[in-house]
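The next block holds one structure in the form of structure tokens; read it before the comments.
First the proteins, then the strands, lettered A, B, ... as listed; each starts at 1. Remember, it's a predicted structure, so these values are computed and weren't measured experimentally.
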Protein chains: 2
Amino acid sequence: MTQPSSQTSYAVSRCNCTALRKASRRLSLMYDATLAPCGLKSTQFSILSEIERRHDKPPTMSELADAMVMDRSTLGHNLRPLERDGLIALKAADADRRWKHVHLTKKGLEKYSHAHSLWREAQHHFEGSFGRDKADHLRETLLGIAADPALASIPSQPIVSQR
Amino acid sequence: MTQPSSQTSYAVSRCNCTALRKASRRLSLMYDATLAPCGLKSTQFSILSEIERRHDKPPTMSELADAMVMDRSTLGHNLRPLERDGLIALKAADADRRWKHVHLTKKGLEKYSHAHSLWREAQHHFEGSFGRDKADHLRETLLGIAADPALASIPSQPIVSQR
DNA sequence: TATTAATAGGGGCATATCCCGGTATTGGAA
DNA sequence: TTCCAATACCGGGATATGCCCCTATTAATA
């Protein structure tokens with residue numbers, strides 16, 4: 001109707017990456033606005049959460065980057081404001097001086113607690129309109145994509161099998 | 001099993017925004033790598049696609065930003081490199097001098113054609129491992145989130161109804 | 001008509017994200 | 001032991017993203 005009828009349907013409106021990024025922008029907006037009172041962005045909250053979750057075994061920067069599905073450099077850049085504000089601290093490892101373990105400071109833990117209560121509001125707000133079960137399912141799907149090793153590489157050879 | 005048993009389950013590992021952003025980073029990585037030969041990023045390709053799709057009625061910046069689920073400022077910033085490289089052009093409207101219509105240049109259309117063939121590879125690569133029907137469904141879900149007006153606002157009052 | 005309100009964009013600022021190349025450290029090989 | 005490859009992190013550069021404030025233009029109102 002609105003699109004050229006084609007069984008192969010190469011319409012760019014079908015772009016999975018575009019849809020993912022649009023949804024990401026929209027949802028991030030709401031989470032960011034909800035977290036605003038504590039001064040954290042959604043990404044910063046995600047990072048603090050992951051560090052807190054591993055408080056018994058502080059991850060190295062590479063380990064944390066992997067867990068965040070984030071480039072090592074990106075994580076490094078993202079940690080800087082958190083370190084500047086005294087929420088996290090980096091500690092060189094004795095076993096390997098190249099490693100830097102990331103851990104929460106007392107101030108960081110307090111900030112995280114505040115953020116966590118705000119985060120629940122955002123979480124409820126979304127699941128209230130979207131549906132909790134649907135959210136659970138969607139999240140699993142998304143985390144599956146995030147961890148998919150098949151996506152870690154580019155198409156080695158053009159897939160022209162479509163004839 | 002892996003999480004503290006709680007019916008309310010406030011575990012941050014359940015964060016929908018985090019999952020969305022992780023998946024977005026991962027998938028963008030693959031699309032970016034696949035588009036690399038033409039020199040466009042996935043966001044730039046998305047923008048050019050939307051402009052091309054509306055070539056018969058070039059959108060204003062605000063209209064384009066809405067379609068992209070993107071902040072007006074963000075779109076403005078993103079258009080700069082495209083304009084600098086001569087792929088798009090801005091044209092002030094006669095009806096309202098505040099409006100600036102965005103349209104593809106000849107060079108931009110050529111670039112888009114090249115990018116489109118690369119995009120299909122990325123699209124096939126993803127759908128090949130993820131499944132085409134699943135992708136169709138996921139995309140609809142994501143675009144629904146992107147367009148959800150309920151998410152356009154922050155939780156006005158904390159939802160503590162969880163007791 | 002004159003004032004005021006609303007709208008469209010632009011500029012600056014801060015974070016987010018990735019790539020590339022460089023440095024320091026470590027472990028293995030000659 | 002010395003050299004070399006691999007690994008962990010860092011710094012710079014470019015785009016991505018959103019917020020706030022400012023200006024220009026238009027629309028609404030007194």
Side-chain angles (χ1 to χ4, degrees), chain A residues 17-18 20-36 39-47 59-66 68-85 87 90-102 152 154, chain B residues 17-18 20-33 35-36 39-48 59-66 68-85 87 90-102 152 154:
Chain A
C17 189
T18 297
L20 198 40
R21 291 179 74 99
K22 283 182 180 178
S24 188
R25 283 192 289 265
R26 173 68 81 192
L27 198 62
S28 295
L29 218 58
M30 192 274 284
Y31 274 75
D32 281 348
T34 308
L35 286 172
L40 292 178
K41 302 295 198 67
S42 54
T43 294
Q44 299 178 320
F45 174 71
S46 286
I47 293 174
T60 64
M61 291 186 57
S62 288
E63 289 171 341
L64 186 53
D66 285 347
M68 297 298 303
V69 191
M70 190 179 281
D71 185 87
R72 279 91 180 131
S73 287
T74 303
L75 176 67
H77 294 155
N78 290 349
L79 289 183
R80 211 145 305 157
L82 299 175
E83 187 181 22
R84 178 201 60 199
D85 298 341
L87 304 180
L90 303 177
K91 183 174 168 56
D94 294 327
D96 191 322
R97 301 273 302 281
R98 290 172 299 184
W99 299 345
K100 288 193 177 179
H101 291 285
V102 190
I154 70 174
Chain B
C17 188
T18 297
L20 197 42
R21 291 179 74 99
K22 284 182 181 179
S24 188
R25 283 192 289 265
R26 173 69 80 191
L27 197 62
S28 296
L29 218 58
M30 191 275 284
Y31 275 75
D32 281 348
L35 287 172
L40 292 178
K41 301 295 197 68
S42 56
T43 294
Q44 297 178 321
F45 173 72
S46 285
I47 293 174
L48 294 188
T60 64
M61 292 187 57
S62 288
E63 290 171 341
L64 185 54
D66 285 346
M68 298 298 302
V69 191
M70 190 179 281
D71 185 88
R72 279 90 179 135
S73 287
T74 302
L75 177 68
H77 294 154
N78 291 349
L79 289 183
R80 213 145 306 157
L82 298 175
E83 188 180 21
R84 177 201 61 199
D85 297 342
L87 304 180
L90 303 178
K91 183 172 168 58
D94 294 328
D96 191 323
R97 301 271 303 281
R98 291 171 299 182
W99 300 345
K100 288 192 176 179
H101 292 285
V102 190
I154 69 173

Could you tell me the separation between the [atom1] atom of [X] and the [atom2] atom of [N], rounded to a whole number of Å?
{"X": "B:L35", "N": "C:dC19", "atom1": "CG", "atom2": "P", "answer": "13 Å"}
{"X": "B:L75", "N": "C:dG11", "atom1": "CG", "atom2": "C1'", "answer": "15 Å"}
{"X": "A:R80", "N": "D:dG12", "atom1": "CZ", "atom2": "P", "answer": "9 Å"}
{"X": "B:H101", "N": "C:dA8", "atom1": "NE2", "atom2": "P", "answer": "12 Å"}
{"X": "A:L82", "N": "C:dA14", "atom1": "CG", "atom2": "P", "answer": "16 Å"}
{"X": "B:I47", "N": "D:dA16", "atom1": "CD1", "atom2": "P", "answer": "7 Å"}
{"X": "A:Q44", "N": "C:dA14", "atom1": "CD", "atom2": "P", "answer": "13 Å"}
{"X": "B:K100", "N": "D:dT25", "atom1": "NZ", "atom2": "P", "answer": "11 Å"}

On the nucleotide [N], are OP1 or OP2 found under 4.0 Å from the side-chain N or O atoms that [X] carries?
{"X": "A:S62", "N": "D:dT7", "result": "no"}
{"X": "B:K41", "N": "C:dT17", "result": "no"}
{"X": "B:R21", "N": "C:dT17", "result": "yes"}
{"X": "B:R72", "N": "C:dG10", "result": "no"}

Among [options], which nucleotide sits nearest the side chain of [X]?
{"X": "B:M61", "options": "C:dT25, D:dG18, C:dG9", "value": "C:dG9"}
{"X": "B:T60", "options": "D:dA8, C:dG9, D:dT15", "value": "C:dG9"}
{"X": "A:W99", "options": "D:dA8, D:dT25, C:dG10", "value": "D:dA8"}

Answer with base, sugar-phosphate or nothing: what part of the nucleic acid does A:T74 contact at a heavy-atom distance below 4.0 Å?
->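 The answer is base, as A:T74 lies within the cut-off (heavy atoms under 4.0 Å) of a base atom.
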Select base, sugar-phosphate, or nothing to describe what A:N78 touches, counting heavy atoms under 4.0 Å on all strands.
-> base
Less than 4.5 Å apart, any side-chain heavy atom of B:N78 and any of B:L82?
-> no
Please say which of A:L90, A:T60, A:D94 ends up in a side chain to side chain contact (heavy atoms under 4.5 Å, CB included) with A:W99.
->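 With A:W99 as partner, side chain to side chain contact (heavy atoms under 4.5 Å, CB included) holds for just one option, A:T60.
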What is the distance from atom NE2 of A:H101 to atom CD of A:E63, rounded to the nearest 0.5 Å?
-> 7.0 Å
In terms of the nearest nucleotide of DNA chain D, which residue is placed more toward the 5' end: B:P81 or A:D32?
->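 Here B:P81 is the residue nearer the 5' end.
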On DNA chain D, check which nucleotide each of B:R84 and B:D71 is closest to and give me the residue with the more 5' one.
->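 The answer here is B:R84.
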Pair of N/O donor and acceptor under 3.5 Å linking [N] base with [X] side chain:
{"X": "B:R98", "N": "C:dT7", "result": "yes"}
{"X": "B:S73", "N": "C:dG11", "result": "yes"}
{"X": "B:H77", "N": "C:dG12", "result": "yes"}

Indicate yes or no for a side-chain donor-acceptor contact from [X] to the backbone of [Y] under 3.5 Å, with no hydrogens or angles considered.
{"X": "B:D85", "Y": "B:L87", "result": "no"}
{"X": "B:D32", "Y": "B:K41", "result": "no"}
{"X": "B:D96", "Y": "B:R98", "result": "yes"}

